[in-house]
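So you know, we letter chains A, B, ... as the sequences are listed, proteins then strands, and number each from 1. Keep in mind that this is a model prediction, so the values were computed, not measured.
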Number of protein chains: 2
Amino acid sequence: MFEECLYFNSNALARAVTKIWTDAYKVYDLSPPHAFLLRLVLAKPGLLPRELAAELSLSRSTITRFLDSLEKRELLTRKPAGTDGRELQVFPTEQAQAIHQQLDATGAELTHQMRALVGTDDLTSMVADIRKVQMMLDDS
Amino acid sequence: MFEECLYFNSNALARAVTKIWTDAYKVYDLSPPHAFLLRLVLAKPGLLPRELAAELSLSRSTITRFLDSLEKRELLTRKPAGTDGRELQVFPTEQAQAIHQQLDATGAELTHQMRALVGTDDLTSMVADIRKVQMMLDDS
DNA sequence: GTCATATAGTTGTATGTGCAACTATGTGGC
DNA sequence: GCCACATAGTTGCACATACAACTATATGAC
């Protein structure tokens, strides 16, 4: 009965998608958000937590906890950033670098799967639309 | 860096949308999922928890807890269903019926807002696409 | 130089959600 | 009629996530 509702459908989609991604990243013993955070740190070493939060559209406090758990597992480290004594920079460890390729490959494989299921063009344009609306809402 | 990723964008959208819906239903002191569950019970009195779960794409255990809290607030009641001793039927109370119209109107207002922001046709087709993919994933 | 204010990160707490295991009830084979 | 199995609902637990409040540091006004 909520077929046309953006709230209802965007949440249902997110849950369904999360289930699939959770499964795929289970081999690394990482949840999807942990895996994505780590991938981001691997791609852009030295970012600050606040920047990681912005790139992932997550709150700073959520990032703090994910960093805690990844640091405890020795997949990354936090180091005081040069000038500003409040800031920390986040770097991947060698252990993380060792699985860098595979983490990204898993992401690519999932995208591949989704394209096969939905159709490449349909998926691309849907994701673009989703992104556009999400950014509109974040601005407003 | 995850611009094209379905997982990343669908979750980011869901969080952004949820924020807006949360705000709108705060006047009733209901979270969006509680409000939607109650709206469903109002629209189709007598459904079983398992049916509510299916219609809302939520797990039975999540529905149990939402029903607990709505029942405690005297917005609905659970009654043993006729034939099968395991089943319960869920009915709205008069207190819930008193705000039925307003709950639905709030939903309509939110859809209206989204249409104004995104464009009616774009929103409709995006929601349809989201729905289609979500159902594909649930089947697979 | 001090004080008000802003910002980075963290922590306490609350909520939504699912999975796995549980209890209670039904059903079909024999 | 009993037993294996299925199903409805619940509960224990774990996790993702946010908001508000906190600490520590920076910055600008004077």
Salt bridge check: are A:Lys44 and A:Glu55 linked by an N-O gap of less than 4.0 Å? yes

Could you pull out the protein-nucleic contacts involving nucleotides 14-16 of chain C (nitrogen or oxygen on both sides, under 3.5 Å)?
residue	atom	partner	partner atom	Å
C:dG16	OP1	B:Ser31	OG	2.7

Can you say whether the rings of B:Trp21 and A:Tyr7 are parallel (under 30°), tilted (30 to 60°) or perpendicular (over 60°)? parallel

As a test of reading the structure: which of D:dG12, C:dT11, C:dC19 is closest to the side chain of B:Ser61, going by heavy atoms? C:dC19

What contact category does A:Ser69 fall into here, base, sugar-phosphate, or nothing, at under 4.0 angstrom with non-hydrogen atoms? nothing

For A:Glu87 and D:dT23, what is the distance between atoms CD and C1' respectively, to the nearest whole Å? 16 Å

Check the orientation of A:Phe2 and A:Phe8. Use parallel for under 30°, tilted for 30 to 60°, and perpendicular for over 60°. tilted

In whole angstroms, the gap separating P of D:dA14 from CG of A:Asp29 amounts to 15 Å

Using heavy-atom distances to pick each residue's nearest nucleotide on DNA chain D, tell me which of A:Gly85 and A:Ser57 is more 5'. A:Ser57

Does B:Gly46 offer a backbone N or O that forms a donor-acceptor pair with the side chain of B:Gln89 under 3.5 Å? yes

Might you confirm whether atom CD of B:Glu71 has over 12 heavy atoms from other residues, nucleotides or ligands at distances under 6.0 Å? yes

Without decimals, in angstroms, what is the distance between A:Leu67 CG and C:dT11 C1'? 14 Å

Both A:Asp68 and A:Asn11 contact DNA chain C. Taking the nearest nucleotide for each, which residue is further toward the 5' end? A:Asp68

Which pairs with one or both residues in residues 15-43 of chain A pass salt bridge (Lys or Arg N to Asp or Glu O under 4.0 Å), sequence neighbours excluded? A:Arg39-A:Asp104

A:Leu48 backbone acceptor or donor facing A:Glu51 side chain under 3.5 Å: yes

Send over the distance from A:Leu56 CG to D:dA16 C1', rounded to a whole Å. 13 Å

Distance, rounded to the nearest Å, where A:Ile63 contributes CD1 and D:dT17 contributes P: 9 Å

What are the atom names and distances for every N/O pair under 3.5 Å that joins the protein to nucleotides 3-7 of chain D?
residue	atom	partner	partner atom	Å
D:dT7	O2	B:Arg86	NH1	2.7

Please say whether more than 12 non-hydrogen atoms of neighbouring residues, nucleotides or ligands are located less than 6.0 Å from CD in A:Gln113. yes

For the pair made of CG in A:Asp84 and C1' in D:dT27, what is the distance, rounded to whole Å? 10 Å

How long is the line joining CG of A:Leu58 and P of C:dG9, in whole Å? 15 Å

For atom CD of B:Glu3, decide whether the heavy atoms of other residues, nucleotides or ligands shown that lie under 6.0 angstrom number more than 12. yes

Classify the nucleic acid contact of A:Thr22 as base, sugar-phosphate or nothing, counting any heavy atom under 4.0 Å across all strands shown. nothing

Reading DNA chain C from 5' onward, which residue's closest nucleotide shows up sooner: A:Lys19 or A:Leu88? A:Leu88

Round to a whole Å and report the spacing from CZ of B:Phe36 to P of C:dT17. 11 Å

